[in-house]
Peer 1: 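Input: one structure, supplied below.
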Amino acid sequence: MKWTLILFLGSSLAVTTLGWTYHYSQKTMNWTQARRWCQTDYTDMVVIQNQTENNYLVSKLPNRTRSPYYWIGITKNHMNENWTWIGNNSTWVGEQSWAVNEPNNNHSNEFCVEIYVNTGPNRGKWNDEKCALQKYAVCYKAQCNATSCGRGRCQEMIENITCLCEPGFKGDRCQTAMECPPLSQPDNGYLSCSGGNLTFNSTCRFKCYPGFLIIGPPDVICTVTGVWSGPRPICTSYKQALLAVVGCGALSAFCCICFCWMKHRKRKKLAQVRQPEEATSPSNEAQG
Ligand SMILES: *[C@@H]1O[C@H](CO)[C@@H](O)[C@H](O)[C@H]1NC(C)=O
Ligand SMILES: *[C@@H]1O[C@H](CO)[C@@H](O)[C@H](O)[C@H]1NC(C)=O
Ligand SMILES: *[C@@H]1O[C@H](CO)[C@@H](O)[C@H](O)[C@H]1NC(C)=O
Ligand SMILES: *[C@@H]1O[C@H](CO)[C@@H](O)[C@H](O)[C@H]1NC(C)=O
Ligand SMILES: *[C@@H]1O[C@H](CO)[C@@H](O)[C@H](O)[C@H]1NC(C)=O
Ligand SMILES: *[C@@H]1O[C@H](CO)[C@@H](O)[C@H](O)[C@H]1NC(C)=O
Ligand SMILES: *[C@@H]1O[C@H](CO)[C@@H](O)[C@H](O)[C@H]1NC(C)=O
Ligand SMILES: *[C@@H]1O[C@H](CO)[C@@H](O)[C@H](O)[C@H]1NC(C)=O
Ligand SMILES: *[C@@H]1O[C@H](CO)[C@@H](O)[C@H](O)[C@H]1NC(C)=O
Ligand SMILES: *[C@@H]1O[C@H](CO)[C@@H](O)[C@H](O)[C@H]1NC(C)=O
Ligand SMILES: *[C@@H]1O[C@H](CO)[C@@H](O)[C@H](O)[C@H]1NC(C)=O
């Protein structure tokens, strides 16, 4: 490889620094060659998502007094298209991204973009250019890989990565399954749980000793939020269950008696109230 590759953050820093790194070429090339160069040794040509990133990129590139121009990963194919970033087709362009009077599409074929990394007032500004011109390549290398976030999606940030965890997992690398609180053995029964740890998706089954009856669903599952899916069932003896049924029966009998008694009382009371009326009505009738 004839290009000299330079690692911005240095090998000692790279160990402790997460998030993408920027890399640039020591020779100039056209846009297509520059992108290929980036894809060969790094992830791709640089992509900028907001002004903070733009300024961060510029701060990491060496100032050049002569030819301070670097290709960036935003292009278009035709005059009437929007500028589109390589990668995810984002069309972000900041309020202050373009240099004064740019993009001018001077030759009606300026479909690539360079960034100025000088010390003057145009520092960090963009300009549309012909893709065939020779500029420095600036690339990024992503840090997120398949193993960065155990059970989550990896998101790159400036000097950091963030893991967005799948439901049921937690931790800065989504490495830990949500845990449910321990369950004690039920009275008059026993408990058996799948796997060693009571983590997300574990199932525990309650069983009752012979002669005991389970009240409630026997299985509970550890849910994504680390709480059990339902209340724990209880084991009750058939005798108790029977008593309960009988008790319930007795209770309902008692209630019935109560109800009937109250109804009877009410009717009696009503009858008492209505009696005088009834007494007068015949006379009214007689009058009418
Ligand atoms: C360019 O972007 C604007 C605003 O996002 C949108 O309304 C328009 O349809 C786009 N034009 C093309 C050619 O994609
Ligand atoms: C970007 O847009 C092109 C053309 O519209 C499409 O083919 C491609 O799949 C898009 N890429 C992404 C990552 O959305
Ligand atoms: C492109 O990806 C970045 C994050 O990598 C995101 O912030 C942005 O919204 C994405 N744009 C589109 C159009 O998907
Ligand atoms: C257009 O390009 C020509 C030749 O490269 C240059 O002399 C001229 O100044 C440019 N015009 C603008 C407005 O940039
Ligand atoms: C480049 O120039 C800017 C503005 O003058 C300065 O702040 C920055 O420290 C310089 N960067 C390097 C690497 O010399
Ligand atoms: C870039 O350079 C390569 C190799 O020299 C050439 O094949 C290609 O056509 C050039 N691309 C543009 C857009 O000029
Ligand atoms: C994947 O990325 C992590 C940092 O997110 C890093 O520690 C690990 O070495 C990388 N693994 C591979 C195979 O590149
Ligand atoms: C800009 O992007 C960086 C990295 O993706 C992010 O950390 C930061 O919050 C963004 N800033 C704004 C203002 O959107
Ligand atoms: C990285 O991001 C995480 C979550 O956004 C945050 O807690 C942590 O402090 C950051 N680390 C550094 C070194 O910025
Ligand atoms: C249970 O958790 C411990 C520590 O949290 C872990 O070391 C062990 O591998 C886990 N066992 C299973 C079967 O998940
Ligand atoms: C949880 O269990 C269901 C059913 O057994 C299974 O389909 C799913 O993949 C499990 N999820 C995880 C994250 O283990």
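Counting starts at 1 for both ligands and their atoms, in listed order.
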Peer 1: What are the polar N/O contacts of ligand 5 with the protein below 3.5 Å, with distances?
Peer 2:
| residue | atom | partner | partner atom | Å |
| --- | --- | --- | --- | --- |
| ligand 5 | 2 (O) | Asn63 | OD1 | 3.3 |
| ligand 5 | 2 (O) | Asn63 | ND2 | 2.5 |
| ligand 5 | 11 (N) | Asn63 | ND2 | 2.8 |
| ligand 5 | 14 (O) | Asn63 | ND2 | 3.2 |

Peer 1: Check whether any N or O atom of Trp20, backbone or side chain, sits under 3.5 Å from an N or O atom of ligand 8, and answer yes or no.
Peer 2: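 N/O-N/O distance under 3.5 Å: no.
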
Peer 1: Show me which atoms of ligand 2 lie under 4.0 Å from any heavy atom of Gly87.
Peer 2: 13 (C)

Peer 1: Evaluate Tyr238 against Phe212 for ring-ring contact (aromatic ring centres under 6.0 Å, His included), listing each step before the verdict.
Peer 2: CA-CA 6 Å; Tyr238 280 104; Phe212 290 86; 8.2 Å; no

Peer 1: Indicate whether the side chain of Tyr140 and that of Glu156 have a donor and an acceptor atom separated by less than 3.5 Å.
Peer 2: no

Peer 1: Determine which pairs satisfy ring-ring contact (aromatic ring centres under 6.0 Å, His included) with at least one residue from residues 156-183, sequence neighbours left out, and list them in order.
Peer 2: Phe169-Phe200

Peer 1: Please determine, by modelled atom types, if Tyr70 and Arg64 share a side-chain donor-acceptor pair under 3.5 angstrom.
Peer 2: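 Distance-only check passes for Tyr70 and Arg64.
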
Peer 1: Can you tell me if Ser148 and Asn145 form a side-chain donor-acceptor pair at under 3.5 Å?
Peer 2: yes

Peer 1: For the residue pair Glu114 and Lys135, what are the closest heavy atoms and their distance?
Peer 2: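 The answer is OE1-NZ, 2.7 Å.
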
Peer 1: If the plane angle is over 60° it's perpendicular, under 30° parallel, otherwise tilted; pick one for Trp126 and Trp98.
Peer 2: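 If you compare the ring of Trp126 with that of Trp98, the planes turn out perpendicular.
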
